[in-house]
Amino acid sequence: MRLLLSGRAAGLALVAAATALGVTVAAQQAPRPAAPRAAGRHATPDLTALSAAKQSELVATYCANCHSERAKAGGLSLAGFDAMRATERAEVVEKMIRKLRAGMMPPAGAKRPDADTLAALTGALEARMDEFAAVNPNPGFRPSQRLNRAEYARAIKDLLGLDVDVTAFLPADTISHGFDNVADSQRLSPTLLEGYLRAASQISRLAVGDRTATASSTTFKTSRTASQHRHVEGTPIGTRGGMAVTHVFPADGDYTFRMMLHSGPTGQLYGGPYAGEQVEVSIDGTRVALLDINPRMDEADPAGMNLFTKPVHVSAGPHTVAAAFLNRFDGPFDDLVMPIEQPLADTNIGEVFGVTALVHLRDLAITGPHAVTGVSDTVSRRKVFSCRPTTTAEERPCARTIVRALARQAYRGPVSDDELTGLLTFYDQGRGDGDFEAGIRTALQAVLASPRFLFRLEQAPPAARPGQTYTLAGADIASRLSFFLWGAVPDAALVTRAAALTTPAAIAAETTRMLADPRAEALSTRFAHQWLRLQDVEKVRPDYHFAPHWDTYLSGALVKETELFFDSLVREDRSVLDLLNADYTFVNERVAKHYGLPNVTGAHFRRVTVPDYRRGILGHGSVLLATSFADRTSPVNRGKWVMEVLLGSPPPAPPPNVPALEETSGSAGGRLLSVRERMEQHRANPACQSCHRVIDPLGLALENFDITGKWRANDSLVPVDAKGQLYDGMPMDGPAGLRAALLKHQDVFLLSFTEHLMTYALGRRIESYDMPVVRAIIRDAAKANYRMSAFITGITTSAPFRMGKLEPAARTDAPAR
């Protein structure tokens, strides 16, 4: 206990020290890049092509009426706009540029100049802002980042070979501008610090092993909406339903496994009283128990709805544990309307008629160890113990070697003698209370609680002054690269090459190497997952009355499809525009059946060609499901998603006291109304018209897709009408029409994509002073046909990625509050 408390206190001191550490920055001035000039659709015209006076006149003629001091449409006033002083209102000008590029302003129906004049105005404003940025470079300030949940888990995997459920220790990360790694939104709280310390204690114990471990219990729950009809990935062949989990066993010993089954409303076994059902428990694919299910189980029984195995001897380390039902039949089944994937869709109906009722696993609990016999060799022990002392005299030198190696990898750089001495103090303390392994475990715990592990600190020259720009050290650039491209700590090769990362050419070469590494899949599972808001998929659980074909596993497969699709763009270095227009995707049998694609069998995902209406990301079930409600589609959510994610132009918040769509009648004239008809009633409210005129056509173009992304011809027995008009007056009809509209305005789509990618890479929001760099990256990417690597390398070699800025000094002349 004394060891644990002292380690905890020291860990708190170490973590708390990070709050006092800013990103210290370097003293040298940033190089001034030449003003960007590129040919093609992103070329900026000569400023003399449209004089500043003419620019100001155009704004006064076509914009100032709505954007006056009195009207302030969109909260913006352009009264007295002077193009010569545009750089003094950078945020306003960049908003103007975005709206002009998107074709949103002036709005359709309003007086507007011809397209060439608008293009010249846009280009002239961009050129003025770009030239100013070339003379006044600003890489932006970013406070130090801490490891978020995903980065922490990957760091532990790389360091110790352990897959750890960090949600058991760390609170949810704050999402800002769509991402969980934006530095100034990462809060430090006592709960978070306590979570880091608990994680360090438990993970060090699991990594080294614990011969003194006492029994504890870990429970894994399965979703009520998980199908029990099908084989679950990770469970043995010949089983259905159930679950498979990876559990780290702390020591060799005996463990028991408990399975709880679902009961019906009156307390009896749900899915009974059919005899012959059995549950198989397996470890790493080998059966360790086969339990018969009593069809007359009842909550009132002494064991309730639980099944228990006898003690099973399991070696230490991570193992795959599965509990699943033996599959006693295989073939089509017929429910009241159609086969319903959720056996628990309605327990009352399920016990009477209409829904195929099957026994359903509720949770799996693992308890132990009992009768500990030792600690077997594991992957994590091999990573930790790089040497083994044979005598007492060899222990401390060996400990020094082990701790230095662990700290060097965890800290993502060299370890000073003072830091090593401090860590060895923890080793000495643990060794004094136990054996050599106890000392190593305590030192490892201190490493995992250190600010150098938990925070991505960037060191700057001591002479740097507040507000001064600087060039990052090679080690800091290496860290930025690894967390951007891999979502993890640098590997040994990157650490070795860090000192050479001083030029854009060297960084570009390292970027190319890292993109070829399998770990670059993080760009799909981390960046694309958050940019496309795939985390929202799990929040939508369609009502089985409207989507009987849906279950939790289908949601997971749809997300996997989108991740694999984006990963293919990175791996094959395809055009970013494939996000809108690709004629292929990745499906397994379940997704192919959902989409109506033939000749796909098995759980393996593979590339297939899709029909025209399902081209690009707009045809992915993950996006369509995430933007729906449980019982209906939502053209507003879908249109809002297109504006925010693809166009980077979020609509304003709805005015107060506007009635929800659900408050409009769902029927008229004795028939049900389609979602489109209900929305037309909703838009009759004058307070709703201005925004819905822009949002609704984007979402209604996708109305042929139901809640889950399944193609349909009718909605509430009414033929789907997917026609509409883009905000600039362009007609659209269905997904193909929306896709054509987005490709027409591909400039703003590329702008949004680059902004989001750069936000994720830098760990801070993109500001108006970053937009010249964003435009330069897009112009350079145009020369490479907008290939994915051009955008990624453009960011990693840009000044904001290679450079930083000290936080400006706080003003001392501010009035007292």
Side-chain angles (χ1 to χ4, degrees), residues 23-38 42 44 87 90-91 94 126-145 182-184 456 458-461 464-485 498 500-512 750-751 753-784 789-808:
V23 182
T24 49
V25 273
Q28 57 196 82
Q29 181 68 29
R32 295 178 175 178
R37 286 284 184 265
H42 291 278
T44 53
T87 56
E91 290 188 13
E94 291 297 348
E126 287 179 338
R128 189 174 300 278
M129 302 305 292
D130 293 350
E131 286 197 351
F132 178 81
V135 178
N136 303 276
N138 184 357
F141 166 72
R142 187 203 72 185
S144 59
Q145 288 178 283
V182 175
D184 63 6
R456 295 166 55 186
E458 294 177 348
Q459 190 63 40
R465 300 183 303 276
Q468 187 172 352
T469 58
Y470 68 97
T471 299
L472 288 170
D476 294 331
I477 292 177
S479 180
R480 285 195 176 194
L481 281 172
S482 65
F483 281 103
F484 172 32
L485 303 178
L501 298 177
T502 57
T503 64
I507 295 173
E510 194 62 18
T511 300
T512 300
L750 294 170
L751 195 72
F753 170 76
T754 309
E755 273 188 294
H756 282 93
L757 187 63
M758 197 166 175
T759 298
Y760 177 77
L762 297 179
R764 66 168 175 83
R765 286 176 289 277
I766 299 305
E767 306 292 349
S768 57
Y769 51 75
D770 293 307
M771 296 311 297
V773 175
V774 171
R775 287 190 285 269
I777 291 171
I778 297 173
R779 285 193 292 269
D780 289 341
K783 303 170 187 175
S789 62
F791 288 90
I792 296 172
T793 304
I795 288 174
T796 60
T797 57
S798 69
F801 192 88
R802 296 184 294 108
M803 305 182 70
K805 182 179 182 180
L806 268 176
E807 184 175 13

Discussion item. Here's a test for you: under side chain to side chain contact (heavy atoms under 4.5 Å, CB included), which of Val773, Ile777, Thr511 qualifies with Ile795?
Written reply: Ile777

Heavy-atom pair of closest approach, residues [X] and [Y]:
X	Y	value
Glu755	Ile766	O-CG1, 3.6 Å
Arg142	Ala183	CG-CB, 3.8 Å
Arg764	Asp770	NH1-OD2, 2.8 Å
Ser768	Pro772	O-CD, 3.7 Å
Lys805	Phe141	O-CD1, 3.1 Å
Ala790	Ala784	CB-CB, 4.0 Å

Euclidean distance, [Y] [atom2] relative to [X] [atom1], rounded to 0.5 Å:
X	Y	atom1	atom2	answer
Thr759	Glu767	OG1	CD	9.0 Å
Arg480	Gln145	CZ	CD	7.5 Å
Ser798	Asp780	OG	CG	11.0 Å
Ile792	Leu485	CD1	CG	6.5 Å
Met771	Met129	CE	CE	10.0 Å

Discussion item. If we ignore hydrogens and angles and just use 3.5 Å, is the side chain of Asp476 paired with the main-chain N or O of Gln459 as donor and acceptor?
Written reply: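 Yes.
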
Discussion item. Please check this pair: side chain of Thr512 against backbone of Ala508, looking for a donor-acceptor N/O pair closer than 3.5 Å.
Written reply: yes

[X] versus [Y]: any side-chain heavy-atom pair under 4.5 Å?
X	Y	value
Leu472	Arg802	no
Thr87	Asn136	no
Asp130	Arg779	yes

Fill in: Sequence-distant partners of Tyr760, ring-ring contact (aromatic ring centres under 6.0 Å, His included), two or more places apart
Phe179, Phe527

Practice prompt. Describe, in one word, how the ring planes of Phe801 and Phe484 are oriented to each other, choosing from parallel (under 30°), tilted (30 to 60°) and perpendicular (over 60°).
Written response: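 Phe801 and Phe484: tilted rings.
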
Item to complete: Quick one: do Thr796 and Glu510 satisfy side chain to side chain contact (heavy atoms under 4.5 Å, CB included)? Show the steps, please.
Response: CA-CA 10 Å; Thr796 60; Glu510 194 62 18; over 6 Å; no

